[in-house]
Amino acid sequence: MKAITLCVCGEAGQGLVTIGQLLSKSLVRQGYHIVVTQSYQSRIRGGHNAFYIRVSPERIVAPPDEIDVLITLDAEGITLHRDEMAPSGWILCDVRYAREGKRILSVPYAEFGEGEFLNMAAYAVTGCLLGLENGFMESMIRDTFGKKMDAAAVEKNLAVVGKAVKWVAERAQDIGFESLPKVSVSGRRIMVNGNEAIALGAMAAGVRCGFFYPMTPATSIMLTLIKHAKKMEVVVEQAEDEIAAVNMAIGASFCGARSMVATSGGGFALMTEGISLAAMTETPLVVAVAQRPGPATGLPTRTEQGDLEFILHGGHGEFPRAIFAPGSIEECFELTARAFEVAEASQGPVFVLTDQFLADSYRAVSPFEVRKRMEESTRPENGNGIYKRYALTPDGISERRFPGESEALVVADSDEHTEEGHITEELTLRVRMVQKRMKKLARILEMSVPPTFFGDDEPETLFICWGSSWGAVQEAVEALRHEGHRAAMIHFSQVWPLRSDDFMDKLETAKRVIGVEGNATSQFARLIRRETGFEISDHITRYDGLPLTPRYILGAVARMEQEF
Amino acid sequence: MKAITLCVCGEAGQGLVTIGQLLSKSLVRQGYHIVVTQSYQSRIRGGHNAFYIRVSPERIVAPPDEIDVLITLDAEGITLHRDEMAPSGWILCDVRYAREGKRILSVPYAEFGEGEFLNMAAYAVTGCLLGLENGFMESMIRDTFGKKMDAAAVEKNLAVVGKAVKWVAERAQDIGFESLPKVSVSGRRIMVNGNEAIALGAMAAGVRCGFFYPMTPATSIMLTLIKHAKKMEVVVEQAEDEIAAVNMAIGASFCGARSMVATSGGGFALMTEGISLAAMTETPLVVAVAQRPGPATGLPTRTEQGDLEFILHGGHGEFPRAIFAPGSIEECFELTARAFEVAEASQGPVFVLTDQFLADSYRAVSPFEVRKRMEESTRPENGNGIYKRYALTPDGISERRFPGESEALVVADSDEHTEEGHITEELTLRVRMVQKRMKKLARILEMSVPPTFFGDDEPETLFICWGSSWGAVQEAVEALRHEGHRAAMIHFSQVWPLRSDDFMDKLETAKRVIGVEGNATSQFARLIRRETGFEISDHITRYDGLPLTPRYILGAVARMEQEF
Amino acid sequence: MVTLADYGNYETAWCPGCGNFPILKAVKKALVMSNLSPQEVLFVSGIGQAAKLPHYLNANVFNGLHGRSLPVASGAKLANPRLTVIAESGDGCNYGEGGNHFLAALRRNIDMTLIVHDNRVYGLTKGQASPTSPEGFVTKAQPMGNPSAPFNPIAVAIVMNAGFVARGFAGDTEHLADLIARAIAHRGFSLVDILQPCVSFNRVNTFDWYRERCRKVDDSYDPTDQRAALDLALRDEDALPIGVLYRNARPPFEEKIGLKPGDPPYRHVCDAEAFEAVIGGYE
Amino acid sequence: MVTLADYGNYETAWCPGCGNFPILKAVKKALVMSNLSPQEVLFVSGIGQAAKLPHYLNANVFNGLHGRSLPVASGAKLANPRLTVIAESGDGCNYGEGGNHFLAALRRNIDMTLIVHDNRVYGLTKGQASPTSPEGFVTKAQPMGNPSAPFNPIAVAIVMNAGFVARGFAGDTEHLADLIARAIAHRGFSLVDILQPCVSFNRVNTFDWYRERCRKVDDSYDPTDQRAALDLALRDEDALPIGVLYRNARPPFEEKIGLKPGDPPYRHVCDAEAFEAVIGGYE
Ligand SMILES: Cc1ncc(C[n+]2csc(CCOP(=O)(O)OP(=O)(O)O)c2C)c(N)n1
Ligand SMILES: Cc1ncc(C[n+]2csc(CCOP(=O)(O)OP(=O)(O)O)c2C)c(N)n1
Ligand code: SF4
Ligand code: SF4
Ligand SMILES: [Mg+2]
Ligand SMILES: [Mg+2]
């Protein structure tokens, strides 16, 4: 069976996310694979939002292209999503605004319960059609709401579900909806989105302090930390602005606490001076940036990969940095944990760069495991004399100590400084300090993650992509190969620094290289050329606020072909 | 006669800049050419500062390499500048701390006046040795201090000068100092430094509002505007921070006032969100950035070219911009005026990128002339319907109107917006608006300044440089050619956007291309490769806080030669 | 004669029942009372639910960055002092992200009006504590309750000797419109902090909660008495005085820098003669 | 026993006669009075003349960005509550560039001390008006006089119910040292604003000018009375009360968020069992 996509839509405030998550979790517990995307407007109520669940018995990685089952909670849904409907797609809607037509199921939601139970009724109807059993759905509801609601409210919900299920069951034959094939459940799995995976990665790596100023789509990274703050003994504080957030994190990290901030482009703009400070004072710092379309406020709840160059160069002066760009939920976890390790090893700023699509996209993955703390830095102590925070060493990395921990006084300085950390205007020392800081790039390179390859060994078409587009490109490559094309991809989940040895042979041997990026100016392709001289001349770009999908990519490839 | 360099040095607070400027102005009025560099510490009194004046009867453009006459007001000067002394250099110092030695002139300054007159006495002694006449020096003093001091104070100064001149005149023969050859004065000239030239360029272009938060080395751009604010009817306000400064300038520009901000790297970091706002709202904005060595506070009073990539990418999201990087005082004026024109024509942010060296470097140049206001934009009005601030036009440029000026209501938005300026989440419109903004790059390119060439037509060695290193590289090329080398240079006074047609043939035909940059990572060379694929493999970099000089460049070339 | 119709009527993106609706009504009404046509008015806003307001009426509008409405408004006013400039945004925008500009605006006293929709929460980002949230206020981001003390904008404005300080309540449109009109009329910086219920994220400070507590200052109250004003501003929240709490006659910034209102800087071109004179000084 | 010698003696980059010298002396003295060894203390400063102070004594030091000493200090204290954290910087740093952090620090009430060298001018950048410069103050950047009203940090801190508010004078080292020691001892956020002459750029507020005006509050003064404190803070400048002007017993932030002082976060490693439990919640 090919994957199908459910789309739950309606006004903001109707509880779409609640039923979207419930449905997703239900499918996951039944052993299915999912990829969720969320599309919402920058408002709290009204408007029109959508929660897409692509579901399949087999592993899937790309976001959905079209809708197979539209579950709309408002009248507009039918019109607004018309263009996305698969030819054989179903529409589930309230009988009060149902249109006539094949594959439209008009549900008398009002019969099942009052308005506030609409979303629960929709869950039950959908679940029932997909083949979820009543008892299972009941247990899902108890599980999910048992702690949040009082018992009476839970019972009310269950009653609604019962009625809805009964309604569907009575006419299942007539409806003729094909339910999902059963799959066997094997192994533990968790359902998390990109932001949750980042927060979990941070916790696994021993994060101790988080500072943030709310900003979509990054906020839920910090909300996830906050949710577990007590258990995991993490201090999370909402700062008065992003400038404060980054400086607080630097202060905490200076004192030895693994620290992070999370924001989006506009908030990052306010942090750039702090990034430079982390570099100069050689303070580890993890910065998660979830991109959204700019410039300025742009489209605050949509997705884009438009800030790569800004993250790469944000902060005045010259210093090394690392930028991870996870392609999957698993990588959100893995690379965030690694970001902490690289930040600590290189004593400076490290970035985890995602976007709204990945931030809000759920998948079911193997449970994450706690991270072994890397061996303590084995820097030799600098004798028994005065502690030199910035001791000049062959690899540029100096022993780190924390204030109050030992007899050593720890002195860090934003000005150019002596080895002891005191302000200096000695210009030959300046040169050595610049070199010291730049040398640390070697350490970052040692710990860097090479790009991954997928597809034909001798491709005619090689896609080059980075970050969240991984899943879409991978399924596009699969589709092309299925049609007999020799297609492959290289995906970068670390976009800086680059080691050309890791990928140049692939670029040079491919017949045609196509850059795929969620931005207008092909920033990563420019970076590749800057670093290797290799010019990628074909580009697939997307900047309408939506994620790249297999069909978008295949369509662009087809148009390119015609142009030849 | 080859150029000679005078260096006036001493503690901060001893009035070095006063006599440096007086001496410079005196030399300029006598028809000499000068290049001044200032070296100072980040403190108000004490420490050790220096004011260098390179002087020549012929036109010179490079900063000094060595000192021919050291005029030290403190004892340390002799030791601190020992390494910079030309083999035949002179030292003028107070008899109280004089060392024995040839070409050391011990002056009994105390005999001429009290301590506070030390700098005036040093001026007189130096002037007299160089061949300035007593009467001329007196008129210089009256001219300079007549308005600032009361008459008695001026007379006291003149008395000191008289005594000093007498002292020198009496032993001129014995001293044996070779005075400057007389030159004939031809045409009007003004003496200005880079920051003054920028402010004058802004005034010539009709700047109406300036906003700033003090930051070395940019502050004096704004102080110059303030000095002439009344006469030129400019409103200059010191903001509470750089974020306020950039947003105030955007507000003023939105209302039709040509507006600018001036800052350095750390302050620019705080402005990046505002840059993005100017781009999104399509508001003209001129941003002057005088670079200093980073990261973070770095060396606040020294020079570097380390922020090119940050200025190029500062601000989230994607949008066009222009970056001018003047090579000379003349260009500081010319390109600042042009920056206003480009900002207005392209309705977005435009940068003038200099550094501490150029900011503080005086030269004598032809008087600047007021700028003819470019023809008013000839955009057609969009009918007699509602005014569309962001009307979609073929070239992406929409008619600009100002609030309160006409019946039209002007609506600008930081969110993605409709043609009318109202917030929208219509994603197809988003795509058109991105394209609209990006199209304006063509207009910027039309108005862009090509790089300039100098030297051998078929060079074996071609230097590629940008911004303030122009003079140093030019004199280095002259020196190499003088020795018979086929040397040439390309200098970029606009570093973005680049038009490869303007320079690729030169790069490709030169036997060897050497990048010359005042930073550690050869940022401009990377940009060239990104844009053209051309790899510059030899680099001369400087990042000790001092400006590039001909000798520094020639030394590096010689070392490169040895390596072959 | 300007009428309400001149200011139009638009669909909004606010939640049904939100306190922003009556504020919008009051703002329009105040403009009509002030007999200002849409062309004479410039609204500058930041980002947030409140900051969307200027999109919902006819006027000149600059909808800028979160927290930065005051600097944009200040720059605009200096460029064209003939405009009536109104900065309008939320409590997060003005007292959180933009706190430093709030302090500077109080010090400068530029002749403009700041209207703050003070719902004591970050609305648009889904309900985190704002600077004015009560201590202990529980949100998803502050599950153990807001640990910080609330910012008291009124008290700070009074102690900093702001030109005009008023507090209104979204539940009393007439009174609020009158306050806003008076704020606009005041020569200098005027603050109107509006107690605004947020039906989606603030379950503490509801319409009813405010209705029980709001007390109009009466005619006998002397708003020029700073100590008396402070007493009102520092009251416990069992009574919330609304009205014009403080005002004085500090000369506005424009006057102090000698800006001529008849002659906005944006009209000028570079005066060639003056420029020649300036250049002469460098000879 | 800690002695003055433990804090060392270093060359400075300040102007001869500057008010910073006696402040440095007072700070060292206060540390000795508090019996704190250099290892127990962390100084966090910004950029400016005042901000150089921590380089001139023995202690842990983080010398950060202009305007950002308070956030760095806050983060440091939350990471290691056992440290005595002192933020020290100028008036420009704290009330200009860092104004928003000042407001937030007053609201949070983290147990740390802020020492402001208030010379009413931007020293290091050569004498522009600062937020505390008097109205009309003439500088190169304000040749027609500073058009803005001065910021009154004391009054704002008191009105915002800061934990501990003191004003000292650089000309009275003994008194100042005592204030600083009391500020350090206070549990919660403490502000010590110091009237500091700048001999290079402030020719108005000189040592003599202050000497004529400074008035120590006497023992009968009750610093827990907010209104009385405001009266002192809002006085005309013909008399400048110095001393502890206000204090209260607001619980510090650390207490409200349940931070255990014995157990600084930086010591922890990820607890595998707790993590497993968290992961379980996503199944
Ligand atoms: C620099 C920056 N940081 C954060 C945000 C995200 N953001 C948008 S609105 C908002 C809070 C709005 O709160 P408030 O100003 O009180 O307005 P309300 O929605 O409550 O009316 C935040 C944090 C942003 N747009 N820009
Ligand atoms: C972001 C940023 N903006 C501006 C500066 C320049 N700057 C350095 S110190 C200073 C003012 C210092 O004034 P204050 O804090 O009062 O300290 P003082 O020198 O008077 O002791 C300024 C504006 C900077 N370093 N960083
Ligand atoms: S979230 Fe609150 S403030 Fe925003 S529109 Fe809804 S009710 Fe109003
Ligand atoms: S400039 Fe002023 S504050 Fe700075 S050291 Fe000199 S006298 Fe002191
Ligand atoms: Mg709010
Ligand atoms: Mg100061």
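Just so we're clear, the structure is a prediction, and the values are computed from it rather than from any experiment. The sequence lines fix the lettering, A, B, ..., with proteins before strands; numbering per chain opens at 1.
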TODO: Heavy atoms only: give me the nearest Arg530(A)-Arg526(B) pair and the separation to one decimal.
DONE: CG-O, 3.1 Å
- [ ] Under 4.5 Å, counting heavy-atom pairs only, tell me which of Ala525(B), Gly545(B), Ala520(B) racks up the most with chain A.
- [x] Ala520(B)
Task: Arg302(A) versus chain B, the contacting section by heavy-atom distance below 4.5 Å - done: side chain
TODO: Taking Ser414(B) for its side chain and Ala296(A) for its backbone only, find out whether a donor-acceptor pair lies under 3.5 Å.
DONE: no
Task: Non-hydrogen atoms of Phe319(A) and Pro295(B) that approach each other most closely - done: CD2-CG, 3.8 Å
Task: Which atoms of Ile243(A) approach chain B - backbone, side chain, both or neither, heavy atom under 4.5 Å - done: side chain
Task: Contact winner vs chain A - Pro293(B), Pro300(B), Gly265(B), heavy-atom pairs under 4.5 Å - done: Gly265(B)
Task: chain A contacts, top residue of Glu535(B), Met271(B), Glu531(B), Gln291(B) (heavy-atom pairs, under 4.5 Å) - done: Glu531(B)
Task: No-hydrogen, no-angle side-chain donor-acceptor test under 3.5 Å, Tyr543(A) and Gln435(B) - done: yes
Open item on the list: Heavy-atom cut-off 4.5 Å, strictly under: side chain, backbone, both or neither for Thr424(B) against chain A?
Closed with: backbone
TODO: With sequence neighbours excluded, tell me which residues meet ring-ring contact (aromatic ring centres under 6.0 Å, His included) with Tyr52(B).
DONE: none
Task: Side chain / backbone / both / neither for Arg437(A) at chain B, heavy atoms under 4.5 Å - done: side chain
TODO: Might you point out which heavy atoms bring Arg430(A) and Asp544(B) nearest each other, and give the distance in Å?
DONE: CG-CA, 4.0 Å
- [ ] Sort Thr532(A) into side chain, backbone, both or neither according to what part of it lies under 4.5 angstrom from a heavy atom of chain B.
- [x] backbone
Task: Nearest non-hydrogen partners of His313(A) and Phe310(B), listed with the distance - done: O-CD1, 3.1 Å
Open item on the list: Under a 4.5 Å cutoff for heavy-atom pairs, which residue among Val434(B), Leu277(B), Leu308(B), Ile528(B) has the most contacts with chain A?
Closed with: Val434(B)
TODO: Let me know if Gln41(A) has heavy atoms under 4.5 Å from chain B in its side chain, its backbone, both or neither.
DONE: both
Open item on the list: Under a 4.5 Å cutoff for heavy-atom pairs, which residue among Gly533(B), Gly315(B), Gly306(B), Gly294(B) has the most contacts with chain A?
Closed with: Gly315(B)
Task: Winner by heavy-atom pair count (cut-off under 4.5 Å) against chain A, out of Met433(B), Glu273(B), Glu425(B), Arg432(B) - done: Glu425(B)
TODO: Rounded to the nearest 0.5 Å, what's the gap from NE2 on His316(A) to CG on Leu270(B)? Could you check?
DONE: 9.0 Å
Open item on the list: What residues of residues 278-285 of chain B make heavy-atom contacts with chain A at a cutoff under 4.5 angstrom?
Closed with: Met280(B)
- [ ] Output the distance between atom CG (Asp307(A)) and atom OG (Ser276(B)), rounded to the nearest 0.5 Å.
- [x] 8.0 Å
- [ ] Examine whether an atom of Gln523(A) lies under 4.5 Å from a heavy atom of chain B, and if so say whether it belongs to the side chain, the backbone or both; otherwise answer neither.
- [x] side chain
Task: Interatomic distance, Glu318(A) atom CD to Gln305(B) atom CD [nearest 0.5 angstrom] - done: 10.0 Å
